[in-house]
Amino acid sequence: MDAKTEKSNLIAGETGDWEVVIGMEVHAQVTSNAKLFSGARTEFGGEPNAHVSLVDAAMPGMLPVINEACVAQAVRTGLGLKAEINLSSVFDRKNYFYPDLPQGYQISQYKNPIVGEGEVIVDLLSGERVVVGIERLHLEQDAGKSLHDQHPQNSYVDLNRSGVALMEIVSKPDLRSSEQAKAYVSKLRTILRYLGTCDGNMEEGSLRADVNVSVRRPGDGFGTRCEIKNVNSIRFIGQAIEYEARRQIEIIEDGGTIDQETRLFDAKTGETRSMRSKEEAHDYRYFPDPDLLPLELTQDFVDEIAGSLPELPDEKRARFIADYGLTPYDADVLVSERESVDYFEDVAKGRDAKQAANWVINELFGRLNKEGLAIDDSPISSAQLGGIVDLIKAGTISGKIAKDVFDIVWTEGGDPAEIVEKRGMKQVTDTRAIEKAVDEVMAANPDKVAQAKEKPAVAGWFVGQVMKATGGKASPQAVNALLKSKLGLE
Ligand code: ADP
Ligand code: MG
């Protein structure tokens, strides 16, 4: 077993344990206003063939012109993946026929991609950490789309996507379970979103994965893999791997061998099925595109982009743990979405970060989840939540009352301090008022008073009664101190 193998990741077959090996080719649509080699728009939706230039439609004599913004996005992504940036790279033609590919080839990068080796650190909920090697990242064109459901006899072609820039991010075969593979894609998506280089929207097809799966006996060399094409949700990636690993194990255990092939995942049945036998690179007759010069970047161009990178999730996570004392779990929850982390950092600014994290994760995220809302739709702004945390810190309200204030702000809006003032929710720190409540409870329960003298734990019951009598507004510290002295427990 290699270092990446954990016993818990093994799959039990009829004849012993198996290990699944996974490598991913993720296609990420570059965030850019215009396509990779034309000025046509890239936005999702729109009438079919509304965003198509003569270049995208491959009219004779049209010439591609590289979009510098897309190149910058690829470099930015490479830097975010801690990868080597190749100052010189080449665009090649990958030749194949498809009705939605009017050029008859895709412009891609083959032997000389713009980005070389890098890595992605993946932390799982179980605490397991996997460092996934990145093999390469290259730029390529997306194809159009065939529409088969518009007419009883004819198929139509929509070229809106034709020529849109994609980054293909190829991982090494470093993943060893469906959980790891799902966490890898989530992490990659988070990094891309922090960088602003891909919106990561899997429903709209901005991010999709080809999943390569093989199985082997722990310790053996790699087995023959199958590639499952175009899986477009994280849940489906997990299901496809589980199904495919089982399928391969059964074949081998029955004495068969795996044919290297390209397969499709059927979301309705949860199964994968054969699409075609695996094509080899030479089937595509790759050659450098004579319409495009080699892409030469200056180190200055790269350095300028490097200087503009935001703080990335791994760095934020480490800082939250080291400086704020957050648990790795809480740090992971906060950094996983850029919008969440921005919100949290607003609340934490100038306040107790641990307390801010508790309110954001437990109260806010809890409530958002329950109501199926995204952080951007939160009825409570970071300033309002910060205001609640301030009131607790100042001793104006207890943590318990704070939850009521949270509830009011959630449903009615408003400034927390004003709400507390207007509705008389302030904590009672006036000892005379609390003392009165303590005396009344003690006078009404002489038996409990006697018990408390024997068994100091009974004092807890008194705390509850006094809090009830004061509508939850008494300062718990003051109540405790008074009870201790009055019950003679000091
Ligand atoms: P190709 O160019 O034919 O698609 P690559 O060598 O570039 O092949 O690999 C494509 C993907 O397949 C990579 O993500 C890689 O990690 C993965 N891969 C390679 N070998 C295996 C294997 N034996 N099992 C699972 N995945 C693999
Ligand atoms: Mg491939």
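Keep in mind the model is a prediction, meaning the values are calculated, not measured. These values consider heavy atoms only, across backbone and side chains, with no hydrogens, waters or symmetry-generated copies. Just so you know, ligand 1 is whichever comes first in the structure, and atom 1 is the first atom listed for that ligand.
Near V170, with a cut-off below 4.0 Å to any heavy atom, the atoms of ligand 1 are 13 (C), 14 (O). Close approach to K172 involves these atoms of ligand 1, each under 4.0 Å from a residue heavy atom: 16 (O). Of all atoms in ligand 1, listed by their number and element, those nearer than 4.0 Å to a heavy atom of F222 are 23 (N).
In this comparison of G223, C226, P173, A209, the heavy atom closest to atom 23 (N) of ligand 1 sits on G223. For atom 22 (C) of ligand 1, the nearest non-hydrogen atom from the set S171, G23, G133, S214 comes from S214. Considering each of T224, D174, N212, V213, the one bringing a non-hydrogen atom nearest atom 17 (C) of ligand 1 is N212.
Here F320 and F344 bring their ring centres to under 6.0 angstrom of each other.
A salt bridge does not link R161 to D100: none of the charged side-chain nitrogens sits closer than 4.0 Å to a carboxylate oxygen.
Here CG of L192 is found 12.0 Å from CD of Q29. Values are rounded to the nearest 0.5 Å.
Of the candidates F365, Y343, Y329, L334 forms a side chain to side chain contact (heavy atoms under 4.5 Å, CB included) with just one, namely F365.
Minimum interatomic distance between Y105 and Q141 (heavy atoms only, all atoms of both residues): O-OE1, 4.4 Å.
Shown here is K349, whose NZ atom has no more than 12 heavy atoms of other residues, nucleotides or ligands within 6.0 Å.
If you look at V21 next to ligand 1, the close heavy atoms, those under 4.0 Å, come from the backbone and the side chain alike. Counting heavy atoms closer than 4.0 Å to ligand 1, residue R225 contributes side-chain atoms (C-beta onward) but none from N, CA, C or O. At a heavy-atom distance under 4.0 Å, only backbone atoms of M24 (N, CA, C or O) approach ligand 1.
Judged by distance alone, the side chains of E296 and S88 do bring a donor and an acceptor atom under 3.5 Å apart.
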